[in-house]
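Have a look at the structure below, then the notes.
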Amino acid sequence: MRIWKIIFSVLTVVFGSIGLMKLLPYDITLPIMFVFMGLVMSLNAKECYDKKSKTDAAIFGGVAIFVYAVTAFNLVSRLL
C-alpha cells in the first residue's frame, strides 16, 4: 500500500507541475491531479481504518469525497 501512495503522490506532483509549466493546458492537468490526490486520500483512509483509527479514516474519506465532488463539479461546469 505504501508503494501505491508514493506512486499516486508523485503523479499528483507531476501533473501539477506539467500544468504550471504550461506543457499541457491547466484545464486538462487539474482534474487528473485531483483524481490522483483523491486516490492518495482514499489509500490514507484505508490505512487508518486498518489501524483501527476510525475517526482519522472518516476524515480522510471525507476529504477524498470532497475532492472528487469538486472535480466532478468542475468537469460538468466546463462541459455545459
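Since the model is a prediction, treat every value here as computed from it, not as a measurement. Residue indices begin at 1 and follow the sequence shown.
Within a 6.0 Å sphere centred on NZ of K54, other residues, nucleotides and ligands contribute more than 12 heavy atoms. Heavy atoms of other residues, nucleotides or ligands lying less than 6.0 angstrom from OH of Y49 number 12 at most.
Taken from CG in L75 to CG in L30, the straight-line distance is 8.5 Å, to the nearest 0.5 Å. Residue L79 holds its CG atom at 11.0 Å from CG of N74, rounded to the nearest 0.5 Å. Residue M21 holds its CE atom at 12.0 Å from OH of Y26, rounded to the nearest 0.5 Å. Here the CZ atom belonging to F60 is positioned 14.0 Å from the CD1 atom belonging to I65, to the nearest 0.5 angstrom.
Between E47 and R2 there is no salt bridge, since no side-chain nitrogen of the basic residue lies less than 4.0 Å from a carboxylate oxygen of the acidic one.
Taking all atoms of both residues into account, the shortest heavy-atom contact from K5 to N44 is NZ-OD1, 3.1 Å. Residues C48 and A57 approach most closely at CB-N, 3.7 Å, considering heavy atoms. Looking at every heavy atom in both residues, T12 comes nearest to M37 through OG1-N, 3.4 Å. Scanning all heavy atoms of the two residues, the minimum distance from M41 to A64 falls at CB-CB, 3.8 Å. Contact detail for G19 and T29: the closest heavy-atom pair is CA-OG1, 3.3 Å.
Residue L20 is grouped with residue I32 when hydrophobic side chains (ILVMFWY) are merged at heavy-atom distances under 4.5 angstrom, including chains of intermediate members. Under the 4.5 Å side-chain heavy-atom criterion for Ile, Leu, Val, Met, Phe, Trp and Tyr, V40 and V70 are members of distinct hydrophobic clusters. F34 and I28 end up in the same hydrophobic cluster when Ile, Leu, Val, Met, Phe, Trp and Tyr side chains are linked at under 4.5 Å. Taken together through direct or relayed side-chain contacts under 4.5 Å among Ile, Leu, Val, Met, Phe, Trp and Tyr, I3 and V13 form parts of separate hydrophobic clusters. Linking ILVMFWY side-chain heavy atoms closer than 4.5 Å, directly or via other members, places F66 and F8 in two distinct hydrophobic clusters.
By the ring-ring contact (aromatic ring centres under 6.0 Å, His included) test, F15 pairs with F36, sequence neighbours left out. When the side chain to side chain donor-acceptor pair (under 3.5 Å) test is applied to S17, no partner is found at least two apart in sequence or on another chain.
Checking side-chain atoms of R78 against main-chain N and O of F73 turns up no donor-acceptor pair under 3.5 Å.
Taking the side chain as every heavy atom from C-beta outward, I7 and L11 approach each other to under 4.5 Å.
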